[in-house]
Amino acid sequence: MTSILTNNGAMVALQTLSSINNDLTDTQNQISTGKEVGAAKDNSAIWAISKVMESDVAGFEAVSDSLSLGESTVAVATAGAEQITELLKEMKEKVVAGTGENVDHTKLEADVNELKNQITSVIGASQFNGANLLNTAGNAGITVLSSLDRDASGAVTASNITVASVDFEANLDLTTVSMTDSTTAEASIDDIEALIQAAVDGAAALGASAARIERQNEFVTKVTDAMKSGIGSLVDTNMEEASARLKALQTQQQLGVQALSIANSAPETLQQLFR
């Protein structure tokens, strides 16, 4: 039955065209924003996962900043410890030379005192952002945020790397080294050896901590990159696929308009029945 009041063909064509237009709008939005899941209404489960991962990425970027700060602090302390080791080796040369009888002990002692002053200066200057791992004031060491660990239940815990202070200010007793004559110089040889060993041990400990922080920073960077890639695979638009879908929908839209036009013109044929 044909009715001039109810055009079923036009209604079907209109519904189809409306659906095509909605799909076309979604596809155009995906192409313009670059995101297939840009809001919770697009895919609530994927959107929720991506937002949690994005928060983790932000956390890991903050962790990376913390590790970089810790790495710089330890690097400065390590450089100071290595410099002190070299100064103590130079001091040892003076002490050994002072064990001879036919030497100028006054000049040697003056050189040794200058080396002591230089060591004290290096200890005081080996700080980064106020943190000094070589003096007594920094005896507590530093704690560096190294990771944020999320378990299966979603609970997050922080992991830290603790770097102990070597406190050269207290552990290197430079007053034990004396150069007044050959006897005191000879007695100071064991003392200078102990000082060198303490400096070497301290520098080695700081170097090991610096290497650990550097490796952790590299790992956090790789984890962050992997998470960003994972988020992208979840929510980013596949541009090749979207391009093909856009072309298909545009074709469907043109055909839908034609189908609606044909359906709307169908009642006009009824006029022929009344001629």
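Keep in mind that the numbers below use all heavy atoms, side chains included, and drop hydrogens, waters and symmetry copies.
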Which residues share a side-chain hydrogen bond (donor to acceptor under 3.5 Å, both in side chains) with Asp42, sequence neighbours left out: none
Set of residues satisfying salt bridge (Lys or Arg N to Asp or Glu O under 4.0 Å) with respect to Asp111, sequence neighbours excluded: Lys94
Name the atoms and distances for all side-chain donor-acceptor pairs under 3.5 Å in residues 200-210, with sequence neighbours left out.
{"unit_1": "Asp201", "atom_1": "OD1", "unit_2": "Gln197", "atom_2": "NE2", "d": "2.9"}
{"unit_1": "Ser209", "atom_1": "OG", "unit_2": "Ala205", "atom_2": "O", "d": "3.3"}

Remaining members of hydrophobic cluster (4.5 Å side-chain criterion), Val257: Leu14, Leu17, Leu260
With sequence neighbours excluded, residues passing side-chain hydrogen bond (donor to acceptor under 3.5 Å, both in side chains) with Gln253: Asn21
Distance-only donor-acceptor hits, side chain of residues 73-86, under 3.5 Å, sequence neighbours excluded:
{"unit_1": "Thr73", "atom_1": "OG1", "unit_2": "Leu69", "atom_2": "O", "d": "2.9"}
{"unit_1": "Thr78", "atom_1": "OG1", "unit_2": "Val74", "atom_2": "O", "d": "2.8"}
{"unit_1": "Thr85", "atom_1": "OG1", "unit_2": "Ala81", "atom_2": "O", "d": "2.9"}

Donor on one side chain, acceptor on other, Ser165 and Asp167, under 3.5 Å: no
Which residues share a side-chain hydrogen bond (donor to acceptor under 3.5 Å, both in side chains) with Arg245, sequence neighbours left out: Thr27, Gln30, Glu241
Straight-line distance of Phe168 CZ to Asp173 CG, nearest 0.5 Å: 14.0 Å
By salt bridge (Lys or Arg N to Asp or Glu O under 4.0 Å) - contacts of Asp56 (at least two apart): Arg150
side-chain hydrogen bond (donor to acceptor under 3.5 Å, both in side chains) involving Gln252 - partner list, sequence neighbours excluded: none
Residues in side chain to side chain contact (heavy atoms under 4.5 Å, CB included) contact with Val223, at least two apart in sequence or another chain: Phe60, Phe219, Met227
Asp151: partners by side chain to side chain contact (heavy atoms under 4.5 Å, CB included), with sequence neighbours left out: Ser153, Ala155
Partner set under salt bridge (Lys or Arg N to Asp or Glu O under 4.0 Å) for Lys92, not counting sequence neighbours: Glu193
